[in-house]
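Read the structure below first, then the notes.
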There are 2 protein chains.
Amino acid sequence: MARAAGVSPATVSRVLNGHGTVDPSLAKRVRATTAKLGYVPNAIARGLALGTSHAVGVVVPDLANPFFPTMLKGIGLAAGTAGFRIVVAESNERIAEEVRLADELARLTDGLILCSPRMPTAALRSLVDRGIPVVCTNRVVRAPELGIVAADWITGARLLASHLADLGHRKVAFLAGPASSWSNQQRRLALSRFEGLKVEVIPAGSASADGYAALPSALETGATAIVAFNDLVALGVLGRLGELGIRVPDDISVAGFDDIPSAGFLRPPLTTLRLPLVDLGVQAWHVLQRRLDKQPPGPPVRLLPELVVRESTAPPAK
Amino acid sequence: MARAAGVSPATVSRVLNGHGTVDPSLAKRVRATTAKLGYVPNAIARGLALGTSHAVGVVVPDLANPFFPTMLKGIGLAAGTAGFRIVVAESNERIAEEVRLADELARLTDGLILCSPRMPTAALRSLVDRGIPVVCTNRVVRAPELGIVAADWITGARLLASHLADLGHRKVAFLAGPASSWSNQQRRLALSRFEGLKVEVIPAGSASADGYAALPSALETGATAIVAFNDLVALGVLGRLGELGIRVPDDISVAGFDDIPSAGFLRPPLTTLRLPLVDLGVQAWHVLQRRLDKQPPGPPVRLLPELVVRESTAPPAK
DNA sequence: ATGAAAGCGCTAACAG
DNA sequence: CTGTTAGCGCTTTCAT
């Protein structure tokens, strides 16, 4: 390339990166040549020389849950503005896979955003101790150099519990998500501790099929309302309920978490806790950027979910 | 690292990559040292030296549509087995963005998988002409070195049309997707050409909100069945219909395309055309792998969708 | 079987 | 303002 334009590689680098200063006529010649040859700098070589890939790794448990893609939009948006690209990997909710991916991405990129990670705290710490800039979303872990951006599910779940209690419910079934999920623990805890509501915890999972499968057990508890770990699980619940001819909210109330895009279009529209997901992604990027700049991550960012009351919750039947 | 183990870098490289042959005792020492230091080879430098990144880029129009994540699972699975990583980017249905991303990823990776690309054929050809291994899913473009993996929507849509006609429907409304979408064109074409079914085409889009918004126009046509561009759009339709108190399938039938994971959990469960998405992803990888090995892509792979009849379709009311 | 040396494509420091 | 030089961290001939 340099030869084709009759200049040195350094000059090419200068005009392409807008550093130093170059004689306009030379610059023009270089640009003309790059255009003619369709030349594009090799990002790998550039990364090696600069010691930075201008890419960050993002690992998510499950892309099929709209929760994560929505957050990715936010991360991608903010990172793109700063000239960074994101590399996303999916762990399929498997912890070992998650650790492996984080490790691998760390070698390849400048930093990591771990979304709702399920890995042990020690593994998380080890990443940080290796000097890798990492931010963790939806999980709070005490570690000085770890960035944290998480929802305040305790307050959020209390909002929901209080909505249900106000409606007159006294006993609710909570269809729990993955045990290793911090969000799940928080939601369960807040619900259980709420005064005036008896909550039965039924193990379910994070997918619609899990909700579908767990519904009968929830029914057996005699609860008048069902709170699902997330909207996907609630969707499965709604499906099974419809199949059984049990009406929502007349016979039983149902609520979820996350407010995925479909939540408002279901029949009945789902009452749920909305998290500003795009914003959450943007914030995660900003915290990471601070770490990339060798600055401390700053205090944990906590986002408050908003209760979205739709038609799936109502006073109990009797 | 090499010094720490008291050997040359070449030897380290040999034991880590299992190439050449090294004295077992040396190999052991190297391995011990790598373990102690927690040393991991720098993927970037490795990429430069090898001339390959062992990564492929995947660009999708919209991660929020479960269609794409599901396919990504397939690609990731197959690619991972072959020691490749995938880098995914989202174009948000914007054509210019899509072209830019493809371009950028091409510099960074060894090959490209473009999912349902909306870019002009010329742009697609330009990528191929630059010698980049690329495979295109859900779009058929004649170009010798371009790999193609696509659904046979013509046959698929005919399956659906015939199901509807057999039920007794004579007039259906098709809520069309993005005009630049090949799938949309194919589906619309096959439907329109079907004998014995009058189809009214209503512009909608690819998201639930588009279905929700377009429903009134569809109703005005007096159609007894609505076919949505995809399941997400159908979801919006179902939501609006419920809101209006119009019963499905008693008053009107609804069908979609794709069979996203929620389709079976909706009320009523949605009749739709299922594509083996994970398999589609796996196939896309295999075709790309052939190109990475400098082989021709082979003939276009066509997958036949399967009609999944659930409860959202029934004979027309009157 | 092993080490020394060259080079992947680029950028940054240093001369001129 | 521009070319020359060195080097990013690794792999791979080529000698030994």
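Chain naming here is simple, since letters A, B, ... match the order of the sequence lines and numbering starts at 1 in each.
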Practice task
Go through DNA chain C in 5' to 3' direction and return only the first and the last nucleotide with some atom under 4.0 Å of chain A's heavy atoms.
Solution key: C/dG9 to C/dA13
Handout entry: A/Thr33 and A/Tyr39, any side-chain heavy atoms less than 4.5 Å apart
Key = no
Practice task
May I ask you to test the A/Ser180-A/Ile95 pair for a side-chain heavy-atom distance under 4.5 Å?
Solution key: yes
Problem - Residues that A/Thr21 engages under side chain to side chain donor-acceptor pair (under 3.5 Å), provided they are two or more places apart - result: none
Practice task
Have a look at the helix from C/dA1-D/dT16 to C/dG16-D/dC1 and give the angle its two end axes make, five pairs each, rounded to 10 degrees.
Solution key: 50°
Practice task
Could you label the plane-to-plane angle of the B/Phe84 and B/His54 rings as parallel, tilted or perpendicular, counting under 30° as parallel and over 60° as perpendicular?
Solution key: parallel
Problem - Residue pair A/Phe67 / A/Leu275, side-chain heavy-atom distance below 4.5 Å - result: yes
What pairs of donor and acceptor atoms, side-chain ones from residues 22-32 of chain B against any protein atom, are under 3.5 angstrom apart with sequence neighbours left out?
unit_1  : atom_1 : unit_2  : atom_2 : d
B/Asp23 : OD1    : B/Ser25 : N      : 2.9
B/Asp23 : OD1    : B/Ser25 : OG     : 2.7
B/Arg29 : NE     : B/Ala5  : O      : 2.9
B/Arg29 : NH2    : B/Ala5  : O      : 3.3
B/Arg29 : NH2    : B/Gly6  : O      : 3.4

Fill in the blank from the handout: Heavy-atom contacts, protein to nucleotides 7-16 of chain D, under 4.0 Å, summarised as B (base), S (sugar-phosphate only) or - (none) per nt, yield -BBBSB----
Practice task
Only pairs at least two apart or in different chains count here, so list each side-chain hydrogen bond (donor to acceptor under 3.5 Å, both in side chains) that has a residue in residues 82-99 of chain B.
Solution key: A/Lys73-B/Glu90, A/Lys73-B/Asn92, A/Glu104-B/Arg85, B/Glu93-B/Arg118, B/Glu93-B/Ser206, B/Glu97-B/Arg100
Practice task
Decide whether A/Thr121 and A/Arg125 meet the rule of one side-chain donor and one side-chain acceptor closer than 3.5 Å.
Solution key: no
Problem - Note, A/Val135 side chain near A/Leu114 side chain (heavy atom, < 4.5 Å) - result: no
Exercise for the section: Please name the residue in the list B/Pro117, B/Ser116, B/Ser181 that meets the side chain to side chain contact (heavy atoms under 4.5 Å, CB included) test with B/Arg139. Expected result: B/Pro117
Exercise for the section: Name the nucleic acid region contacted by A/Ile44, choosing base, sugar-phosphate or nothing; use a 4.0 angstrom heavy-atom cut-off, strictly under. Expected result: nothing
